[in-house]
There are 2 protein chains.
Amino acid sequence: MNKTVYTFGGNAPEPDARQKDKTITGGKGANLAVMSSIGLPVPPGFTITTEESVRYLREGADFSDALRANVAEALTHIERTVGKKLGDASDPLLVSVRSGARVSMPGMMDTVLNLGLNDETVEGLAAASGDERFAWDSYRRFIQMYCDVVLGLDHGLFEEALEIAKEDKGFYADTEMEADDWKALVSEYKAIVKREYDRPFPQDVSDQLWGAIAAVFESWDSERAKIYRRLNDIPADWGTAVNVQAMVFGNMGETSATGVAFTRNPSTGEKSYYGEYLINAQGEDVVAGIRTPQYLTRAAREEANAKPLSMEEAMPDAFAELAQTFELLERHYRDMQDIEFTVQQGKLWMLQTRTGKRTARAALRMAVEMVEEGLIDEKDAIRRIDPMALDQLLHPTLDPKAHRDIMTTGLPASPGAASGKIVLDADTAEKWANSGEDVILVRVETSPEDIHGMHAAKGILTARGGMTSHAAVVARGMGRCCVSGASGLSIDMKERKLRIGSRNLDEGDTITLDGSNGQVMAGRVATIEPEVEGDFGTLMEWADRHRRMKVRTNAETPEDCRTARQFGAEGIGLCRTEHMFFDAERISAVRQMILAEDGEGRERALAKLLPEQRQDFQEIFEVMAGLPCTIRLLDPPLHEFLPTSDREFDELAGSLDTSADALKRRAAELHEFNPMLGHRGCRLGITFPEIYTMQVRAIFEAACSVAKDTSEAPLPEIMIPLVASARELKILRKLVDDVASEVFDEKGHKVDYLVGTMIELPRAALMADKIAEEGEFFSFGTNDLTQTTLGVSRDDAARFLGTYVEKGIFERDPFVSLDVDGVGQLVTLAAERGRETREDIKLGICGEHGGDPASIAFCEETGLDYVSASPYRVPIARLAAAQAVLA
Amino acid sequence: MNKTVYTFGGNAPEPDARQKDKTITGGKGANLAVMSSIGLPVPPGFTITTEESVRYLREGADFSDALRANVAEALTHIERTVGKKLGDASDPLLVSVRSGARVSMPGMMDTVLNLGLNDETVEGLAAASGDERFAWDSYRRFIQMYCDVVLGLDHGLFEEALEIAKEDKGFYADTEMEADDWKALVSEYKAIVKREYDRPFPQDVSDQLWGAIAAVFESWDSERAKIYRRLNDIPADWGTAVNVQAMVFGNMGETSATGVAFTRNPSTGEKSYYGEYLINAQGEDVVAGIRTPQYLTRAAREEANAKPLSMEEAMPDAFAELAQTFELLERHYRDMQDIEFTVQQGKLWMLQTRTGKRTARAALRMAVEMVEEGLIDEKDAIRRIDPMALDQLLHPTLDPKAHRDIMTTGLPASPGAASGKIVLDADTAEKWANSGEDVILVRVETSPEDIHGMHAAKGILTARGGMTSHAAVVARGMGRCCVSGASGLSIDMKERKLRIGSRNLDEGDTITLDGSNGQVMAGRVATIEPEVEGDFGTLMEWADRHRRMKVRTNAETPEDCRTARQFGAEGIGLCRTEHMFFDAERISAVRQMILAEDGEGRERALAKLLPEQRQDFQEIFEVMAGLPCTIRLLDPPLHEFLPTSDREFDELAGSLDTSADALKRRAAELHEFNPMLGHRGCRLGITFPEIYTMQVRAIFEAACSVAKDTSEAPLPEIMIPLVASARELKILRKLVDDVASEVFDEKGHKVDYLVGTMIELPRAALMADKIAEEGEFFSFGTNDLTQTTLGVSRDDAARFLGTYVEKGIFERDPFVSLDVDGVGQLVTLAAERGRETREDIKLGICGEHGGDPASIAFCEETGLDYVSASPYRVPIARLAAAQAVLA
């Protein structure tokens, strides 16, 4: 049986590994124990483990006798250290009760202060402190807080009562209230409790304590906490610890104070103390914003041109001790710390330390500077940066000071921020953008036909679709900001109006998107352009030095390829050739091909596409000269390319010399119930070989031409999609080889190439040993592999995915982070079986997961040769790949 | 190196195992060797193995030197035995060349007779036989056949020339043609060859022989052969053997004859010789139908009241030898034989024997009688019946003698035959059927809404969908005949007209369907009602004695349950509760539930459904008393239940006090891109627990009530669909347990029950060890498991499945016969992992594969506890399960 309650402070025993482990004692509890053990002044207290909260919630809200006994014992530790007793009417011990999960969680119960006060002990506190006002103020604060966070009463009632009391007296500030005023207010508060809670305010201090502990436990499963967990990918089974600690008072006169501080500037990363404090105040006063806090250092005060003395000036001794503490903490934790402290009658007490949150920019600067300072090494620096935070550095962000008029919130599908005029279709987006407008493309959902509009837009907003919907994937690839699945959005295409949340808007109205949190705002909100500083380059260099896997990119335009190379891509992992088919000038030939009655008709149309497609590849190969380029042959079902509007049908009918009705009939014939599982991928190549023949010819003609013109030939890796059996690959590999040798003969030039396949169906993974006989590489198409393995369409999953994450069925959205338990088994098995057949088979991943750090860690474990990510995720992948090696 | 050429007849060596193996020497070749080895008179010859044809086709149409040498040697064997030489101008050897695959295949080149004749040898044959007419007739027959089957010339040209020649002479029958007439015709024929073939008719006998061999090899890949293979599930890599054999002549006068015979009546199974023969004729004359063949036995002739003497009367000696041969062959092969023979100048020669095709009825009778005769044992009898053939016995069939005016051919989706008036929607079907009409429901495709119309109809015809489309599955379950995916069918709902093939029809016109071969015929074709005779019962009893697996049924109405029990079902393996929701009186409450804004609204609608659903289960439990009943909770996406027509929307809006537009919007919101992978199965149960709560309550209330009323409680097995993770099952198992104990408390009665899941997603199979912690049984839902593992939607697969089977990518339609290599791995793995966690876990299969013999064999190997099939497939499953044990 593990210990369930740990003490700290005073003469508590040295913390063991479990007590220092945040997963057991929570972030706050572990750090309090550590601080006390390195000699910092910490008020004595104890921590109930996270495990106990999980047990409590699982076993139906009942405390075990063992826990009650352990808490009683730990309480004695506090009482002995402080020399006071909880509930002692003459000189009572007061404690704070705080929640403390593994990570800081705003959704949960935070703090109850001054616990231990009741109608009797308040008198004892008055006598012992010699300050009646302080005692009654503390009591009313306690009632107010306890009622709010433990009893769940509306805190407005208490604030209202305080306002009335002040008005009655003609007071403006709380400080004007005298002891008797507070005493009267306490009576008023107790009456409110009796009325609203139907029971008196608990006078038994033990009831108070256990009530607070239960409230902390239960706050783990509050709606707010659940929402926060879902948004932040925190598993439900972590649970929270409870910290009970002797109170210290920053509000015992002018020699007392309370404050918060960072050991370095969390916004810029600069090495300078940063924080604020308030004289004669309790912790919540700093946060509440009732009084304006004062600066910590003189330098900061002077820079802000502020009057009230800084702590450095007002309390030089306490400040000096605090500054020493900063250094001690940084040396101990080897990272920037976020601190809460209280000065009680000149004596400094540390209430909390934790590794401080910081902006991406600050994180980078601190990491690089700490390496220079010798505080950490290169590997630590690499480990320390959250790869996803790099996104902030590469995209514009909204000015945090600007006002946000939020209309609705969708999914943060692609990072960055953008303002612009609403446009409701891709053509309009292009037209308005060409005339110099910033536009935001707003659609129910996007389809491949919208690509030119997405390119023209500054941002994309959709009503449907998840984090890996078409809009999300394409936007990330382009580096456009995107908010998807904004459920409060409805569009009336006929009237060209839309409704966002409760607001009616017209096409042309200006909105702003924040792709990092999914917010949709009215009007224009100021943005800050990204600055990629030297620290970024330094860190990337370190990451490259440590990673094993190569990092490629998913890209299909020369522009994207160039971006990706700038970000360090070492090849193309996925070039989706179909995206090239949507170009306005080609789509007509594509449609002719699809609607052709026979192979000959298709070939005529394909002949028109050949030179265009060759040109595409030529440009890409020029950018990627010398690097491997995995090119996936046509994958989506053909009906995706068909017209949808009557106008388009009419136009096409004209150019094809047939009737729009005939075309609509043919298009309806191509309709599929489950296109994801339909006539697509290599099934197209098998049934219409002429399409793949054209594409392969274009690839090799382009490759030969670039190889001749430059000294560096690209290495085309022809990828056959949606293979389920070795025979499909065998048939199509022969097609590729035949066309290749034809082209080589014609050109009198040869280039190296590989033929391989995506592993994106469970059957392909299961048959990987056979498939490896035909293919020289596997690229794991984990988007589709996730869809088929889980039986979940990513376009339709939004309806239940939220509930699923909430109920702990999925730990995270499996389209964002690979389902290692399930899908991972197939990847591992395919990698093993593939290698059994072909020892040197090249293995990579080209699904969206290739840009997700957790998934990249799995790829490292599985021994893949490379990951491939969209251009803007290449730096993330480089860093994550290095972290995976160092893990 | 295996032998590539085997000799038989004369003093050829005893056949070894390979020569007697049909997979090596083909059916014909193996049987010729066997006949010769058991002392039957077989003209000498040799067989080139099937392996050689596969090699020939793979390696690009070239004969190896080794093969040429072996053939030359084998030819010497014939020449020595007969005492004549191929190409000998004075007394030439003539040979026949026949294809011979593992099974008889009408799509392939059949036969070239009289090979070895040319301008010189014809004279030798005339001289040696003393019959110039015979010689020249043989020569012209040879040219005609060779040109047709080897050179690929239009045989009409030769027939026309013959007709002209006869007309010129004023002849009516070929028999009037004299030697000179044939000689002149040969010149004419040679001129045709020169003109059409651009080369003279090959005079080199060796060229003739190799040309014929090549033609046989190549005919394996002819279009007709490919189509036949696809329709009959014959793998492309079997290849065909070639049989070269000395000619014997049934056309050498009145003591010569040729005939075909069965050792028992292939239509009824009666033990009596059955066949026909022709005096003075060659084999093809019997088949060609130019002359009316005569009966074999006197009894048959008398029964038919025919004049021409039977063989028994006309050639008593040869007949007696033939009759002895029949007995010898049946004793040897222990089965009914289908024989070709020739009598040359009084001497009987056996040209072929093979196990005879038979009707299902005949197969049953023969098997049962042969056991009685001691020819075979019970196990042989079980092994011998093709389980699928039982279908014929349980459904009406078309009178084989009736004329068929075939308009198009679709897929044989559900067996049986039916005639009726075309109706184009389910409501009309019901209306017309109620007024006493036989109707055939014709739809582009059916959906769950059409069920009442399908029930009312005699047969169902659809334009789309495969063998496991909705129409096919439901029709098989109901025992309705169904032709699906009839591509030549288009429907104009507005005009209520349709087009089948090239014919225009109106609603109300009569058509006939043959569900056993997919034919769609104009008008009414006479049908024969099924007779399930005593032999059927006997065989089923034997099968039950030998099988290990239980056989359950997929059924959801009391009627279907009764049918299934009559057919021997031992429980329900799959009761799809959603089918019960489509009842006209309930659908409105179902729709209210779906369109409800919140859980409360859903509960109100569900309260209306509860008594109805309870009644469903009560009736089913009464029929299945004492047996296990697996009931699957709601599975399909909710939008399947929504209205589709404007009228229905209006009606529903009226009853719900809302607008049709609002409902349409809500319905559009429920639209999914890939409903197969959408918000369905247990995902509904997780997000809308009140639906499952209602269903589970209905089940337990009904079970308690039946358990009280009868002494036999049913064993409900509650099945949670589409589970991908153990946690889903854990959450829903708790829901089931909670409702169960509530109901048991209310009723004061308990019934045993199990909670388990379908394994129908790859992830479920992979996580089976964890899932087995929560579930007491697994039922393999191989329809969905096939869809997800292969990434193929069965509703959309029709577009490429044909090509896939043709190109050998799939051996068979994976929705009809389980993909053992791929999907099978997941089934095996899930069974293993499930048993590791829970040793006694109950394992079954409820996909359509549960009625497919090959898949049932796999289930036996995997050690499943039961298979479940639609009611009419229960006997098939019983037999196949027994065969699987005996295999």
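Proteins get letters first, then strands, A, B, ... in listed order; numbering begins at 1 in each. Side chains included, hydrogens not; waters and symmetry mates left out as well; all remaining heavy atoms used.
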Pairwise side-chain contact, L761(B) with L790(A), heavy-atom cut-off 4.5 Å (strictly under): no

Checking heavy atoms, do the side chain of S725(A), its backbone, both or neither come under 4.5 Å from chain B? side chain

Part of I731(A) within contact of chain B (heavy atom distance under 4.5 Å): side chain

Heavy-atom side-chain contact between I686(A) and T803(B) under 4.5 Å: yes

Does NZ belonging to K664(B) count more than 12 external heavy atoms closer than 6.0 Å? yes

Heavy-atom pairs under 4.5 Å with chain B are the metric here; pick the option from G808(A), G822(A), G791(A) that has the most. G791(A)

Region of R680(B) that comes under 4.5 Å of a non-hydrogen atom in chain A: neither

Should we count CD of E640(B) as having more than 12 external heavy atoms under 6.0 Å? yes

For the pair Q825(B) (side chain) and L766(A) (backbone), establish whether a donor and an acceptor sit closer than 3.5 Å, ignoring hydrogens and angles. yes

Which of these, L826(B), V792(B), D821(B), sits in a side-chain contact (heavy atoms from CB on, under 4.5 Å) with R763(A)? D821(B)

Crowding at CD, E806(A) (>12 non-hydrogen neighbours, <6.0 Å): yes

Does any heavy atom of chain B fall under 4.5 Å from the side chain of F810(A), the backbone, both, or neither of them? neither

Proximal component of D784(B), with respect to chain A [non-hydrogen, under 4.5 Å]: neither

Is it the case that more than 12 heavy atoms not belonging to K770(B) sit under 6.0 Å from its NZ atom? no

Heavy atoms only, distances under 4.5 angstrom: which of R464(A), R683(A), H679(A) has the most pairs with chain B? Name it, please. R683(A)

Give a yes or no on whether a salt bridge exists between E672(A) and R799(B), defined as a side-chain N under 4.0 angstrom from a carboxylate O. yes

For the pair N674(B) (side chain) and S793(A) (backbone), establish whether a donor and an acceptor sit closer than 3.5 Å, ignoring hydrogens and angles. no

Please check if the side chain of D796(B) supplies one atom and the backbone of F673(A) the other of a donor-acceptor pair under 3.5 Å. yes

R794(B) side chain near L677(A) side chain, heavy-atom distance below 4.5 Å: no

Heavy-atom neighbours of K807(A) NZ exceed 12 at 6.0 Å: no

E445(B), part contacting chain A, at a heavy-atom distance under 4.5 Å: side chain

Select, from L684(A), V444(A), T788(A), the one with the greatest count of heavy-atom pairs under 4.5 Å involving chain B. T788(A)

Just so I understand: if I count every heavy-atom pair under 4.5 Å between each of M767(A), R727(A), M676(A) and chain B, which residue has the most? R727(A)

